[in-house]
Amino acid sequence: MNERMVLDVAPLPKFAFGHKGLIWWGTVGFMVIEGSMFVMVIIVYFYLRLKVANWPPSLPNPNVGLATANLVIVLASCLPNALAKRAAEAFDLRKTRFWLVVLTFIGAVTLVIRAFEYTQLNCRWDDNAYGSIVWVLISLHTIHVATDVVDSAVLAALLFIGPVTEKRFVDASENSLYWYFIVAWWIPIYLTIFWMPRWL
Amino acid sequence: MTSSSADAPPAPIERLEAYPSPVAEARLREQLARTWDVGSGVIGWLSVVDHKTVGRRYIATALSFFLLGGVLAALMRLQLAFPDNHLIGPDRYNQIFTMHGTVMMFLFAVPVMEAMAVYLVPLMVGTRNIAFPRLNTYSYFVFLFGGLMLFVALLVNSAPDAGWFAYTPLSGPDYSPGKRSDFWAQLITFTEVAALAVAVEIVTTVFKMRAPGMSLNRIPLFVWAMLVMAFMVIFAMPAVVTASSFLLLDRLVGTHFYNPAEGGDTLLWQHLFWFFGHPEVYIIFVPGLGMVSAIIATFTGRPIFGYTAMVLSLVATGFIGFGLWVHHMFATGLPQLGLTYFTAASMIIAIPSGIQIFCWLVSIWRGRPRFATPMLFAIGFILIFVFGGLSGVTLASVPFNLQVHDTYYVVAHFHYVLLGGAVFPLIGALYYWFPKMTGRMMDERLGKASFWTLFIGFNVTFFPMHILGFKGMPRRVYTYPAEMGWGTLNLVATVGAVMLLAGGALVLFNAVRSYLWGTQAADDPWHGETLEWATGSPPPAYNFLHIPVVEGRSAMWQRSPSPPVVVGVRSDCREVVVTDVMDAAPVHNYELPEPTIWPFLCAVVTSAFFVGSIFSAWALPISIIPLAVTLIGWFWPKGKRRTQRVEAPLSHGPVVSSREEARA
């Protein structure tokens with residue numbers, strides 16, 4: 001072939017953070033999919049509200065104490081999350097490891113508290129449609145938290161075991177992005193589950 | 001979120017002239033072939049991450065399901081050919097029509113369109129593989145296992161029987177005991193997981209992996225169509241996953257989402273289902289529009305008229321498609337004002353469709369059309385699709401809709417839209433890209449014969465159904481009394497169905513014969529417009545020896561005599577060029593993952609979980625550990641791999657030589 005070589009990409013880097021890289025697009029793609037799912041389930045919550053006179057229908061309100069405490073912990077996790085992201089983007093192996101371990105630990109604590117939050121819902125999934133949607137809503141979010149805790153743990157392990165490559169730091173950075181997503185969604189879901197029965 | 005490096009980002013080096021030496025070319029070819037080796041043996045077969053191999057399997061599997069769905073349709077036509085026929089009993093008939101719809105929508109139409117994208121999009125945008133290739137492999141196996149599960153259910157007389165949209169309460173725990181509806185609900189989960197994975201891959205591939213020079217306004221219309229389809233999948237499918245998961249929970253653990261006695265609502269099902277179900281129609285035919293654009297451009301020898309209008313129409317269709325779902329629910333007693341809105345929205349969708357039709361007509365008018373088989377299918381598409389669109393606009397009007405609700409008029413309408421809008425373009429596309437995929441030409445005489453058989457057979461089958469609908473024949477009845485006077489038209493429809501089957505058999509025969517003994521295809525047998533024709537037929541595992549630099553919207557037709565290419569992409573690992581979204585300027589190089597068995601294993605565990613959850617809620621806790629293990633195995637890096645930057649390694653044969661030439 002008589003092809004002309006006009007562009008030499010060899011000097012370009014082998015990775016990129018954020019929207020310049022592929023991993024970000026995959027992560028955001030799944031965030032959009034899962035976000036759509038959260039939206040659907042929240043819409044169903046309000047749709048079902050319209051079908052009955054009282055809310056919650058013939059059940060006590062959920063208790064807000066424990067859930068609110070957990071909300072504070074989840075929100076506070078944004079700080080180590082931001083530090084982990086920053087450390088990863090600076091290729092600071094020691095700090096990235098440290099903050100990922102902290103993040104995994106906080107996530108695990110949140111999960112344990114979350115397990116007890118189920119007892120504060122004051123309903124079962126098979127009581128009525130209200131109970132069903134509340135259980136699905138909280139479980140859907142819990143699955144996400146659990147997934148990201150495992151994800152952070154695996155990433156932290158990889159950073160300890162090696163081989164440590166630039167790509168691992170990109171993964172750590174996108175992992176932090178995903179954790180923000182999970183934290184952000186907990187706010188409307190928490191408000192829906194624990195406060196809407198009082199407000200509606 | 002942007003790169004944190006403080007100093008100026010490294011930039012690609014532009015060079016004026018540098019020609020590779022033939023020796024270096026041969027060495028590069030050999031090394032690329034070794035690096036991108038597809039693998040062999042059983043483990044290799046299950047580990048493949050090559051988008052072409054996975055794409056071909058995906059297409060073949062979806063077409064096999066299409067064939068089975070067609071056989072089910074033929075059984076229904078046989079049963080309905082005569083009044084008071086008792087060839088098939090009502091229970092079996094319910095399973096057959098439910099299976100037919102479910103198979104065609106979920107196991108054929110959406111997967112085959114995504115499969116075409118998996119095969120063609122990376123070639124058309126000029127890269128070496130699809131983004132997230134392991135996810136692609138995973139998606140294929142999940143799809144395959146889901147389909148197999150449904151057909152096993154049919155064999156053991158447990159196929160779903162509540163219609164392809166499985167309305168509650170009919171599909172709920174009270175009216176559908178047994179496991180039939182659960183198989184349906186889980187099939188949805190299987191196919192949606194597979195479809196969503198591919199959608200994310202397509203979006204990423206199109207946005208980030210286009211060859212340098214292919215700015216947004218140079219993306220081929222086919223690729224635009226696939227991009228719009230992928231976005232629609234991403235926003236529509238979560239609704240149906242939600243709906244079917246609720247159904248499964250209602251049936252398995254006693255939740256009450258669709259149970260009005262406990263505060264649930266049956267219409268909730270219809271809202272959730274059609275919020276997905278209407279976009280689903282567009283998910284199926286938007287890719288068809290892209291195929292038709294590709295075919296018409298090539299066979300008129302000119303770019304499609306009105307590129308910008310075409311792209312905007314595709315995008316508009318994607319948006320408006322989400323505002324129409326209630327027109328499936330006109331008979332449910334929703335508020336009048338709401339219905340009016342959805343009538344208006346349904347009529348608006350005719351505008352972007354109309355724009356595209358007119359652009360194609362102008363292209364044919366102003367071009368020099370060659371009436372080869374793919375072109376015949378494209379024209380057949382235009383005729384049938386316009387007719388189906390018109391019957392669709394009539395259906396959007398509430399009074400008429402109530403008159404023909406759930407009659408054969410609706411059956412006629414959606415077959416005109418779906419067969420016309422998706423199957424005709426798809427068969428045209430198979431004829432068009434068969435040489436690229438297999439390296440063999442399909443027979444033209446047989447091709448034309450198959451077109452006419454299918455075209456006439458299609459109209460003979462489905463046109464009479466409009467009239468049957470006017471006469472009040474409801475859909476989904478397994479038989480009808482002779483006094484209704486529906487016998488003749490039904491017999492005509494059955495004769496048409498036989499023709500359709502014969503036409504399908506002709507296509508299949510032609511494909512098999514051509515695959516085995518067809519004439520060798522050239523790299524660019526049709527003088528095509530887009531990049532897939534720039535490489536071999538079939539393409540090598542690495543797609544392109546050098547990543548091309550795109551010089552115009554018609555990548556092939558605007559190529560200079562000595563086409564510009566990219567160098568410096570490593571050939572000793574699976575490196576691709578990542579470019580920016582708008583201008584497709586190179587941003588960085590990225591190493592795509594190697595083949596591995598883990599996505600297959602993960603698909604096996606996922607499938608076991610989905611099937612298990614039909615029978616017990618314990619499937620979730622039991623499968624969590626193996627699921628986590630397979631996922632971690634999937635992401636765990638293999639050994640100590642060279643991922644650090646290498647300064648001009650020996651493997652850069654041609655690059656090194658060109659650099660030296662440049663210095664000299």
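The sequence lines fix the lettering, A, B, ..., with proteins before strands; numbering per chain opens at 1.
- In this structure, chain A has a heavy atom under 4.5 Å from the side chain of B:Phe275, while its backbone stays farther away.
- Proximity to chain B is limited to the backbone of A:Asp127, based on heavy atoms less than 4.5 angstrom apart.
- Most heavy-atom pairs under 4.5 Å with chain B, from the set A:Asn128, A:Val154, A:Leu140: that is A:Asn128.
- The structure places CG of B:Leu272 at 8.5 Å from OH of A:Tyr47, a figure rounded to the nearest 0.5 Å.
- Contacts between B:Val581 and chain A at a heavy-atom distance below 4.5 Å involve the side chain alone, from C-beta outward.
- Between the side chain of B:His588 and the main chain of A:Lys20, a donor-acceptor pair closer than 3.5 Å is present.
- For A:Phe116, the CZ atom is loosely surrounded, since the number of other residues' heavy atoms within 6.0 Å does not exceed 12.
- Between the A:Ser132 side chain and the B:His256 main chain, a donor and an acceptor come within less than 3.5 Å of each other.
- Taking chain A as the reference chain and counting heavy-atom pairs below 4.5 Å, the highest number among B:Ile632, B:Val549, B:Thr204, B:Asp265 is found for B:Asp265.
- In this structure, chain A has heavy atoms under 4.5 Å from both the backbone and the side chain of B:Pro564.
- Shown here for A:Leu48 and B:Gly264, the closest heavy-atom pair between the two residues is CD2-CA, 4.0 Å.
- Proximity to chain A is limited to the side chain of B:Leu135, based on heavy atoms less than 4.5 angstrom apart.
- Of the residues considered (A:Val44, A:Val39, A:Asp171), A:Val44 shows the highest number of contacts with chain B, using heavy-atom pairs under 4.5 Å.
- Contact check for A:Leu155 versus B:Phe635: no side-chain heavy atoms found under the 4.5 Å cut-off.
- For a residue to count as touching a neighbouring chain, one of its non-hydrogen atoms must lie under 4.5 Å from one of that chain's; by this rule B:Met209 touches chain A with the side chain only.
- For chain A, the nearby part of B:Pro561 is the backbone; its heavy atoms alone come within less than 4.5 Å.
- Residues B:His546 and A:Met5 form a side-chain contact, since some pair of their non-hydrogen atoms from C-beta on lies under 4.5 Å apart.
- Annotation for A:Phe105: atom CZ does not count as buried by contact number, only 12 or fewer foreign heavy atoms lying within 6.0 Å.
- Using a 4.5 Å cut-off between heavy atoms, B:Thr579 makes no contact with chain A at all.
- Note: A:Leu22 leads A:Leu22, A:Val52, A:Val28 in heavy-atom pairs under 4.5 Å with chain B.
- Interface residue A:Arg168: only side-chain heavy atoms are found under 4.5 Å from chain B.
- The contact between B:Val253 and chain A is made by backbone and side chain atoms together, counting heavy-atom distances below 4.5 Å.
- Proximity to chain A is limited to the side chain of B:Phe132, based on heavy atoms less than 4.5 angstrom apart.
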